[in-house]
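Values below: every heavy atom of this structure, side chains too, minus hydrogens, waters and symmetry copies. In each ligand, atom 1 is the first atom listed, and ligand 1 is the first ligand listed.
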Amino acid sequence: MNEALRFATNCIHAGQTPDPTTGAIMTPVYMTSTFVQASPGVFKDGYDYARSKNPTRAALEANLAALEGAAHGFAFSSGLAAMDCILHQFRTGDHVVLSDDVYGGSFRQLDKVFRHLAIETTRVDMTNLGHVERAMRPTTRAVWLETPSNPMLKVIDIAGVRRIADDWAKKATPSGGVRAAALGPLGEAIDAPILVVDSTFASPCLQNPLSQGAHVVLHSCTKYIGGHSDLVAGALMTSDSGLAARIKFVQNAVGAVPGAMDCFLMLRSTKTLHVRMQRHCENAMQIAQWLERHMKVERVIYPGLPSHPQHDLAKRQMRAFGGMISVVIRGGLEPSRAMLERVKLFSLAESLGGVESLIEHPAIMTHSSIPPDARAALGIADGLVRLSVGIEDVADLIADLDQALR
Ligand SMILES: Cc1ncc(COP(=O)(O)O)c(C=O)c1O
């Protein structure tokens, strides 16, 4: 990041200079798959083939790196493609400690797609650091957490988890580097736990996990970074040059990169990230406070409320509390279903982080793949409803929720 410039300025300018050929102020959409070479192997600035490098993507990656205060940024075709890039770094027998309510799709990838690698996993409630400490093993190669989490909005102490990972780095069992030149940067095994923070719910505007000890930050850019519910994309940011080389290698070798148009849309979106996030947070705080007083509501979960179990940690770790609220409606499934059918302004849909407000029922929608007893253990009750508060006028949003609850 340009340390001299503040976040809002970096949102608009980082990674972007006027187009050198025309002076166009906006980064052009470089719709090209290849680049002409002057002589075999002689090409400009690393541009030989667009899977490896594309100028629109390069501008986006520099912009995203700046927003996370990272030395390196990498864009992917989805949040799960970004996760896939990290999981390719591990070997058979490696162990990963996961936060318990990690996004279902993330768990499915580790559990099903990478099953052949027999990566061992332990899921724990990381709001208690003692659980993380007890889950660690000499073979642990990653601690993977989401904060705030989905849908219970748990806030996890990133710096505290990093201290535990560092203690265990000394006890790590070497997993046997392949050291084959043909494997490129992947030839060396990862021999100590890395801390991966999925910061999708916060966006780079509300917290920067690298500054608190994360080795890698992951975003589903489909959410706040894209911000307009019109694209699917992901990103990884790191300041560790060894990890960056490994990520770059897999990004190119596997090839799950976003197209130039999606990169352009993200660059356009990050220009307003700071103002969008400010309104998301203001609206969500007002709605959370209003819901907490509502007689049809049993419980409101929002990190900005003093009633949230990690409210003090959220105040230390985050700049503001985000646009996501989870709420338990009194009476369980039927009253919550009725409410979801009656909303008019909130759209009943999965996903989150767009300018328009969305509402969903985790037990039936986003988290239905989790067995009922496991859902109950996580606190995903049948009356739980998740709101992604948009940037509409908050009075209209409250009026809509009020009529739906009544
Ligand atoms: C916290 C979190 N991480 C990762 C993902 C996966 O991102 P994508 O849908 O862009 O692949 C999601 C998707 O909902 C998510 O909520």
Between Glu61 and Arg57, does at least one N-O distance fall below 4.0 Å, as a salt bridge requires? yes

Let me see the working for Asn283 and Gln286 under side-chain hydrogen bond (donor to acceptor under 3.5 Å, both in side chains), right down to the final yes or no. CA-CA 5 Å; Asn283 282 1; Gln286 281 196 52; 5.3 Å; no

Nitrogen or oxygen contacts under 3.5 Å, ligand 1 side and protein side:
from	atom 1	to	atom 2	distance (Å)
ligand 1	3 (N)	Asp198	OD2	2.6
ligand 1	7 (O)	Ser220	OG	3.0
ligand 1	10 (O)	Gly79	N	2.9
ligand 1	10 (O)	Ser220	OG	2.8
ligand 1	10 (O)	Thr222	OG1	2.6
ligand 1	11 (O)	Gly79	N	3.0
ligand 1	11 (O)	Leu80	N	2.9
ligand 1	14 (O)	Lys223	NZ	2.7

Glu360 side chain to Thr366 side chain, donor-acceptor N/O pair below 3.5 angstrom: yes

Summary of ring pair (Phe, Tyr, Trp, His ring centres under 6.0 Å) pairs that have at least one residue in residues 200-245, sequence neighbours excluded: Tyr224-His280

With side chains defined as the heavy atoms from C-beta onward, is the minimum distance between Trp290 and Asp402 less than 4.5 Å? yes

Other residues, nucleotides and ligands only: do more than 12 of their heavy atoms fall within 6.0 Å of NZ on Lys44? no

